[in-house]
Amino acid sequence: MKINELDIPEQIKRIIVQHGYNQLYPPQEEAITAGVLNRKNVVLASPTASGKTLVAELCILKNILENDTKCIYLTPLRALANEKYEEFKKYRELTKSNGDKLEISLSTGDYDSTDEWLGKYDIIISTNEKADSLLRHKAPWMQQIDTIVADEIHLLTDQGRGPTLEITLTKLMKLNPDAQFLLLSATVKNADEISKWIKGIPITTEWRPVPLREGVFYDGEIQFKDGSARRILTETKKPAIDIALDILKQGGQALIFTQTRRDAVSYGKNISKVLSRKISTSLKKDLKTVADKILTSGERTGLSEILAEQVKLGTAFHHAGLNASHRRLIEESFKDGKIKILSATPTLAAGVNLPARAVLISNYRRYDPKSWSEEISVLEYKQLAGRAGRPKYDKVGESILIAKTSVEQEQLMGKYVRSEPEKIWSKLSIENVLRPHVLSTIATGFAYTEEDLYDFFSQTFHAQQYDFKMLQIKVKKILRFLFNEEMITMESGKLLATPFGRRVSELYIDPVSAVIIRDGLYNRPEKLTEVSILQLVSHTPDLSPKLYPRGKESEQLIAYASEHSSELIFKQPDPWNSMYSYEQNLDDFISEIKCVAVMNDWIQEITENDLLGKYKVESGDLLRLTQTAEWLIFASNQLARLFQHKDLIRKFPILRRRIQYGIKEELIELVGLQGIGRIRARMLHNAGLHKIVDIRKANLQSLVSVPTIGTTLAKNIKKQIEDKNPVN
Ligand SMILES: Nc1ncnc2c1ncn2[C@@H]1O[C@H](COP(=O)(O)OP(=O)(O)OP(=O)(O)O)[C@@H](O)[C@H]1O
Ligand SMILES: [Mg+2]
């Protein structure tokens with residue numbers, strides 16, 4: 001089927017053809033034959049790179065241009081939302097029936113906002129969490145949404161984040177019963193079940209633009225699923241590296257998935273040793289430029305230096321400990337072929353679209369700080385394997401697991417290669433993830449009575465997969481909790497959220513976190529300091545990532561806690577008071593104190609490199625930790641207002657800024673300038689420029705003489721100050 005033959009407005013066809021698409025891929029044809037362009041709800045389960053996005057684009061654009069409606073496109077991650085936004089920008093030249101151009105917006109940020117401005121856009125690309133929060137704020141334009149696309153819907157089965165997607169879709173169905181739903185994923189076995197839920201049609205295809213060969217390596221040879229085999233030359237001690245070198249010899253790139261971050265780094269190190277001899281001088285020159293960029297963007301740490309060294313030789317590691325700019329540089333350099341072999345933890349597979357000719361799974365176990373290690377699911381394996389084969393570059397993709405014995409080789413063949421992914425199971429009944437959703441369903445008026453509430457939950461995917469009684473019991477229990485904590489009340493037979501409950505729902509925090517914060521604010525320690533507030537937010541289940549002590553660190557953290565004991569809201573557990581759960585409580589306490597200690601050092605301007613040395617906390621984790629803490633400090637401030645703790649209201653915003661930038665209070669004014677972060681603000685301060693007025697008085701030359709401030713930045717700072725306070 002050709003694009004030009006489709007029953008869609010001509011202007012859409014023109015843009016698509018201009019961008020080089022003429023013929024539809026088979027899965028796209030199937031979706032169209034099934035009626036996706038005639039408002040049929042569809043679950044499209046089709047492999048990686050089989051063109052699911054174009055199906056969504058055709059459907060969205062047709063609906064908007066023909067019916068003057070709005071669309072929301074949901075993705076699990078900000079990075080993916082950004083990627084889609086870039087892809088969709090080309091459609092801004094389309095003209096709607098009223099003569100206006102099509103408008104597209106990206107909404108992934110602030111969770112405490114109605115974002116009414118979004119109302120004027122035709123396509124809104126958002127993360128699942130942001131859409132959930134917009135629903136909680138009752139953004140009025142949500143009711144006008146007529147096309148809903150949800151990408152990567154295998155997330156439904158994820159214990160942590162699946163329920164948010166499930167509730168968001170349920171609410172959207174309830175709000176807009178006639179809207180069209182299109183659900184997409186590469187690894188869904190039970191598309192039929194999911195399609196029943198959305199009253200749609202399941203489409204499952206196995207079609208791939210680049211065929212995939214899956215196999216298992218053992219003893220110098222890869223055994224493929226189709227019965228063929230290939231011998232691999234042994235050059236190093238690691239089979240995954242030998243296979244990667246083999247792929248490189250054939251002109252391809254390889255992606256090695258490792259179990260831990262440390263493995264990813266050490267694989268990179270080992271690869272760089274052998275790769276140096278195999279790459280050209282001109283490539284080395286290009287790589288040197290990338291390495292220099294790594295060293296000059298963000299704070300320099302031991303980890304970024306190791307990364308730069310590897311990049312110089314054509315390899316790199318990629319994991320959640322890297323900061324965002326380094327991660328982006330690595331992804332771009334791999335995409336444009338400069339980095340030849342990349343070793344990564346599986347977080348990469350979920351986050352970005354980064355195919356390679358070969359995907360090598362060096363270890364089929366995943367690191368888990370609690371249970372140490374656990375085998376990855378078939379679904380996760382298929383997600384990793386699906387990355388193999390770069391359209392336009394590779395004729396075939398290969399995905400290889402590494403076995404240590406012949407028995408293991410057979411096992412892996414059976415468990416992963418020859419198997420289908422597990423079914424998608426709703427995780428809605430997990431109490432702590434269900435809790436905020438019960439509150440938000442009441443707070444946003446999706447249910448006014450207990451019956452309403454059960455009726456709402458009976459329309460979830462969970463209710464379709466399991467006996468509803470199970471969910472009902474959980475909902476009832478949560479309802480009792482919310483009553484007891486005064487987040488909901490009953491007024492003349494009507495279930496209503498109290499101002500506390502409503503605010504908690506809007507603030508997008510777990511009701512349990514809200515109770516901890518509320519009670520903590522009344523339960524002041526002897527001396528209320530930054531440490532107290534940092535502990536308050538670290539004590540909540542919402543703070544992430546959790547930091548675990550290493551080696552002897554526990555003792556040091558306990559010492560730290562006793563040093564600060566007069567500032568602590570939650571004291572060290574006492575073995576006499578909590579006999580049964582003492583060990584768990586102590587572990588939680590130590591891990592909470594670690595978060596406090598790290599963040600307290602951060603706001604004392606300890607460098608990222610020293611934090612890495614002292615606590616083994618990498619830049620990426622530090623960023624996530626400070627971002628969630630910042631949010632919880634904001635939420636605490638809102639609750640302090642609600643409960644009228646007037647004396648605290650000033651403290652929170654200051655600490656929030658300090659956490660955001662990693663600075664002492666005296667730098668807050670300076671970091672308000674664009675281009676000035678913690679390092680440069682400190683340099684300015686050391687040079688005697690403490691406030692904006694000091695900078696205004698200083699001449700350009702003295703600004704440029706401050707280390708880390710170049711001429712362009714100095715001019716830019718001057719301009720910002722003038723713009724803020726124009727001289728009359
Ligand atoms: N009909 C087509 N002709 C040529 N190229 C196409 C066609 N449809 C899609 N593509 C290209 O195929 C690539 C993969 O498409 P897409 O991103 O939609 O994959 P996907 O099915 O969403 O995969 P994933 O599960 O990895 O998200 C894109 O680069 C896209 O431009
Ligand atoms: Mg996709």
Side-chain angles (χ1 to χ4, degrees), residues 1-6 8 12-33 36-37 42-61 73-91 125-128 148-157 165 182-189 191 194 203-212 255 331 335-336 346 348-356 359 379-394 397 399 421 424:
M1 199 185 282
K2 285 206 155 48
I3 301 279
N4 276 325
E5 295 163 9
L6 293 174
I8 53 171
I12 306 178
K13 294 183 197 172
R14 213 172 312 128
I15 297 188
I16 293 178
V17 172
Q18 253 172 27
H19 280 82
Y21 306 78
N22 283 306
Q23 198 78 29
L24 288 177
Y25 281 167
Q28 297 167 342
E29 250 187 84
E30 270 194 58
I32 286 164
T33 313
V36 80
L37 297 182
V42 166
V43 177
L44 179 55
S46 186
T48 299
S50 63
K52 296 185 287 293
T53 317
L54 186 64
V55 176
E57 290 169 23
L58 292 171
C59 167
I60 294 167
L61 298 172
Y73 191 110
L74 303 171
T75 80
L77 293 161
R78 284 179 192 197
L80 288 175
N82 289 332
E83 207 177 292
K84 290 298 159 209
Y85 180 62
E86 291 304 319
E87 285 173 39
F88 279 47
K89 270 185 182 167
K90 58 176 177 280
Y91 297 117
I125 300 170
S126 158
T127 56
N128 302 330
I148 292 129
V149 178
D151 207 350
E152 314 285 344
I153 47 121
H154 50 270
L155 188 82
L156 281 171
T157 204
L165 173 59
L182 176 57
L183 273 44
L184 313 171
S185 168
T187 44
V188 166
K189 188 185 173 190
I194 301 174
I203 299 174
T204 303
T205 88
E206 298 298 330
W207 186 87
R208 292 177 53 98
V210 182
L212 173 66
L255 195 55
E331 287 158 14
K335 271 188 188 160
D336 63 23
L348 175 77
V352 272
N353 187 10
L354 206 62
V359 165
L379 190 147
E380 281 168 285
Y381 161 76
K382 296 287 176 193
Q383 282 279 329
L384 301 181
R387 310 261 130 195
R390 274 186 82 164
K392 299 192 197 97
Y393 293 92
D394 304 324
S399 146
I424 304 293

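All ligand and atom numbering here is 1-based and tracks the order in the structure.
Remark: distances from the non-hydrogen atoms of H19 to ligand 1 are all 4.0 Å or more. The shortest separation from a heavy atom of A49 to ligand 1 is under 4.0 Å, placing the residue in contact. The shortest separation from a heavy atom of P391 to ligand 1 is not under 4.0 Å, leaving the residue out of contact. Every heavy atom of G20 sits 4.0 Å or more from the atoms of ligand 1.
Contacts between Q28 and ligand 1, counted as non-hydrogen atom pairs separated by less than 4.0 Å, involve the side chain only. Residue contacts with ligand 1, taken as heavy atom pairs separated by less than 4.0 Å, involve P47 solely via the backbone atoms N, CA, C and O.
Taking CD1 of I15 as the start and OH of Y21 as the end, the distance is 12.0 Å to the nearest 0.5 Å. Annotation: the span from D394 atom CG to L212 atom CG amounts to 11.5 Å, rounded to 0.5 Å. To the nearest 0.5 Å, atom CD of residue Q383 and atom NE2 of residue H154 are 3.5 Å apart. Atom OG1 of T75 is separated from atom NZ of K84 by 8.5 Å, given to the nearest 0.5 angstrom. Between I203 atom CD1 and L184 atom CG the span is 10.5 Å, to the nearest 0.5 Å.
For ligand 1, the polar-atom distance check finds no N/O of L54 at less than 3.5 Å from any of the ligand's N/O atoms. An N or O contact shorter than 3.5 Å links K52 to ligand 1 by distance.
In this structure, the protein non-hydrogen atom closest to atom 22 (O) of ligand 1 is T53 OG1, 3.4 Å. Taking atom 2 (C) of ligand 1 as the reference point, the nearest protein heavy-atom neighbour is Y21 CD2, 3.4 Å. The protein heavy-atom contact nearest to atom 29 (O) of ligand 1 is K392 NZ, 5.0 Å. In this structure, atom 1 (N) of ligand 1 lies nearest to the protein heavy atom Q23 O, 2.8 Å. Of the protein's non-hydrogen atoms, Y25 OH, 3.5 Å is the one closest to atom 4 (C) of ligand 1.
Residue L183 forms a side-chain contact (heavy atoms from CB on, under 4.5 Å) with just one option from V43, D151, L165, and that option is V43.
Atoms of ligand 1 lying under 4.0 Å from at least one heavy atom of E152, given by number and element, are 27 (O). For ligand 1, the atoms sitting less than 4.0 Å from at least one non-hydrogen atom of A186 are 25 (O), numbered in the order shown with element in parentheses. The ligand atoms of ligand 1 that sit less than 4.0 angstrom from a heavy atom of T48 are 23 (O), 24 (P), 25 (O), 26 (O).
In this pair, Y25 and W207 present their aromatic rings tilted. The plane angle is within the 30 to 60° band.
With a 4.5 Å cut-off on side-chain heavy atoms, I8 and K13 count as touching.
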Exercise for the section: Could you go through the side chain to side chain contact (heavy atoms under 4.5 Å, CB included) check for L6 and I12 one step at a time? Expected result: CA-CA 10 Å; L6 293 174; I12 306 178; over 6 Å; no
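Open room surrounds NZ on K2; 12 or fewer heavy atoms of other groups in view lie less than 6.0 Å from it. With a 6.0 Å radius and a threshold of 12 heavy atoms from other residues, nucleotides or ligands, E86 has its CD atom above the threshold.
The nearest protein heavy atom to atom 6 (C) of ligand 1 is closer than 4.0 Å.
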